K.L.:
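Once you've had a glance at the structure underneath, I'll fire off some questions.
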2 protein chains.
Amino acid sequence: MSDRLINELSHELLHFFNGLSSWESSVVRNSDLSVSEAHALEVLGQFGRMNMKSMAQKLGVTTGTTTVTVDRLEKKDYARRESIREDRRVNLISLTEKGCRAFDEHNKFHLTLTEQMISALSEEESNRLLTILKKINSEIF
Amino acid sequence: MSDRLINELSHELLHFFNGLSSWESSVVRNSDLSVSEAHALEVLGQFGRMNMKSMAQKLGVTTGTTTVTVDRLEKKDYARRESIREDRRVNLISLTEKGCRAFDEHNKFHLTLTEQMISALSEEESNRLLTILKKINSEIF
DNA sequence: ATAATATTATTTGATATTAAAAATATTTTA
DNA sequence: TAAAATATTTTTAATATCAAATAATATTAT
């Protein structure tokens, strides 16, 4: 594979990633949530109710850290803990009404950004991008 | 533009972004640097010597935060401050030898990831991805 | 059934990181 | 030169993180 392609692509990917990052953090800054709280909200919104351990795994942090994050989300009424009969050690975490609304709201920002991107591309290119991302996501991430 | 395309693309973009994020943070965790230090190193490596203000802008944080980050990079001998005659308020920040090596090292990781992505795609798709990213980067980010 | 082991979540103590405000230093401009 | 603008540092308070210890509960082996 040509070095030129690798280098250029790496450079554009970095630019793209940095663009997404600063866009995301400006959205979060304008919200009621900290970065880690927002991340937790996304995970809960996307994957639904889950216990602390798998939440910690999805977030890539320890369960201790997750406990603190969930405490804060609970205090702000974005999430709740529920215990289950089958295993009294376990807490299932899920979004409250308010949490769901915040997740939807956040999602709208994502959709808006996606629309912006699409409008910079032809319809054919947009479809190609979708195909390409699906491949990369399923094979690498 | 079709809702289906927007939704799917948004979803894949989020997945892609999360994949990149956790990949990046695992690389950083295995290094001598914190996330913000690594970010600063990237900016300095990519854009070269600059003053605190423009560095803060590139990083998307305040100059106060940047001062602290540069302090740490300086202490670890990754970066240095240089003053200039023309304006004694100004410090120009640049990478040391060690900083340059770390930047190159970090860059190698990026190239490796890029190669992985390319190997999941056909040559045509890789070129298409480059074209698409260039468009998005120049028009949106 | 009991004892040993494993799992899940929380708490604690120590650092690291961050943003924002206040203080200081310097340059530019009127 | 005095005032305004700019750049930086310091300080403060909030947040984030981890590792280790603890508590509660489940599971497994004897």
Side-chain angles (χ1 to χ4, degrees), chain A residues 18 21-22 24-44 47 49-76 78-94, chain B residues 18 21-22 24-44 47 49-76 78-94:
Chain A
N18 287 337
S21 292
S22 69
E24 176 78 13
S25 66
S26 86
V27 166
V28 169
R29 248 199 302 283
N30 290 331
S31 79
D32 183 31
L33 300 165
S34 72
V35 173
S36 60
E37 287 162 14
H39 197 183
L41 187 91
E42 276 192 8
V43 164
L44 287 172
F47 298 100
R49 189 190 311 190
M50 68 182 74
N51 67 16
M52 296 296 281
K53 195 185 180 189
S54 46
M55 198 172 156
Q57 279 169 343
K58 297 246 184 247
L59 294 172
V61 297
T62 64
T63 56
T65 299
T66 307
T67 295
V68 176
T69 305
V70 171
D71 283 347
R72 270 197 281 268
L73 285 178
E74 210 170 23
K75 196 169 289 172
K76 293 184 187 172
Y78 286 102
R80 77 175 134 255
R81 289 173 163 90
E82 291 167 281
S83 40
I84 54 174
R85 291 218 180 85
E86 304 84 61
D87 188 337
R88 292 209 282 164
R89 293 169 302 180
V90 171
N91 276 333
L92 292 186
I93 319 301
S94 58
Chain B
N18 287 336
S21 292
S22 68
E24 176 77 11
S25 65
S26 86
V27 167
V28 170
R29 246 199 303 283
N30 289 331
S31 78
D32 183 30
L33 301 164
S34 74
V35 172
S36 59
E37 288 162 14
H39 198 182
L41 187 91
E42 276 191 8
V43 164
L44 287 172
F47 298 100
R49 189 191 310 190
M50 68 181 73
N51 67 17
M52 296 295 278
K53 193 182 182 188
S54 46
M55 198 172 156
Q57 278 171 342
K58 299 249 184 244
L59 294 172
V61 298
T62 64
T63 56
T65 300
T66 307
T67 296
V68 176
T69 306
V70 171
D71 283 347
R72 271 196 285 264
L73 286 178
E74 211 169 20
K75 196 169 290 172
K76 293 184 189 173
Y78 286 103
R80 75 174 138 263
R81 290 173 161 93
E82 290 168 280
S83 40
I84 55 174
R85 292 218 178 86
E86 305 82 59
D87 188 337
R88 290 210 283 165
R89 294 167 305 178
V90 173
N91 278 331
L92 294 185
I93 320 301
S94 58

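Since we're looking at a predicted model, the values are computed, not measured.
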K.L.:
Quiz question: by atom type and distance under 3.5 Å, do the side chains of S21(A) and N18(A) form a donor-acceptor pair?
P.N.:
no
K.L.:
Tell me which of S54(B) and T69(A) sits closer to the 5' end of DNA chain D, going by the nucleotide each one is nearest to.
P.N.:
S54(B)
K.L.:
Under 4.0 Å between a side-chain N or O of N51(B) and OP1 or OP2 of dT8(D)?
P.N.:
no
K.L.:
Picking from dT17(C), dT10(C), dA7(D), which would you name as closest to the side chain of M52(A)?
P.N.:
dT10(C)
K.L.:
Would you mind reading off the distance between I93(A) atom CD1 and dA9(C) atom P, rounded to a whole angstrom?
P.N.:
7 Å
K.L.:
Please tell me if R72(B) has a side-chain N or O lying less than 4.0 Å from either OP1 or OP2 of dT15(C).
P.N.:
no
K.L.:
In this structure, how many angstroms lie between the P atom of dT17(C) and the CG atom of L59(B), rounded?
P.N.:
14 Å
K.L.:
Return the value, rounded to whole Å, for the distance between atom CG of L33(A) and atom C1' of dA19(C).
P.N.:
17 Å
K.L.:
Does M50(A) form a side-chain contact (heavy atoms from CB on, under 4.5 Å) with Q57(A)? I'd like the steps, not just the answer.
P.N.:
CA-CA 11 Å; M50(A) 68 182 74; Q57(A) 279 169 343; over 6 Å; no
K.L.:
Under 4.0 Å: is that the gap between some side-chain N or O of S34(B) and OP1 or OP2 of dA16(C)?
P.N.:
no
K.L.:
Judged by each residue's nearest nucleotide on DNA chain C, which is more toward the 5′ side, E37(B) or T66(A)?
P.N.:
T66(A)
K.L.:
Any chance you could list the contact pattern along nucleotides 18-27 of chain D? Use B for base contacts, S for sugar-phosphate-only contacts and - for none, protein heavy atoms under 4.0 Å, 5' to 3'.
P.N.:
B-----BBS-
K.L.:
Does E82(A) use its side chain to pair, donor to acceptor, with the backbone of S94(A) at less than 3.5 Å?
P.N.:
no
K.L.:
What is the distance from CG of L92(A) to P of dT8(C), rounded to the nearest Å?
P.N.:
12 Å
K.L.:
Between atom CE in M55(B) and atom C1' in dT6(D), what is the gap in whole Å?
P.N.:
19 Å
K.L.:
Could you walk me through whether Y78(A) and L44(A) pass the side-chain contact (heavy atoms from CB on, under 4.5 Å) test, one step at a time?
P.N.:
CA-CA 10 Å; Y78(A) 286 102; L44(A) 287 172; over 6 Å; no
K.L.:
Specify the residue among S36(A) and V90(B) whose closest nucleotide of DNA chain D lies further upstream toward the 5′ end.
P.N.:
V90(B)
K.L.:
Quickly work out the D71(A) CG to dA14(D) P distance and round it to whole Å.
P.N.:
17 Å
K.L.:
Return the value, rounded to whole Å, for the distance between atom CE of M50(B) and atom P of dA7(D).
P.N.:
14 Å
K.L.:
I need the NZ-P distance between K75(B) and dT9(D), as an integer number of Å.
P.N.:
13 Å
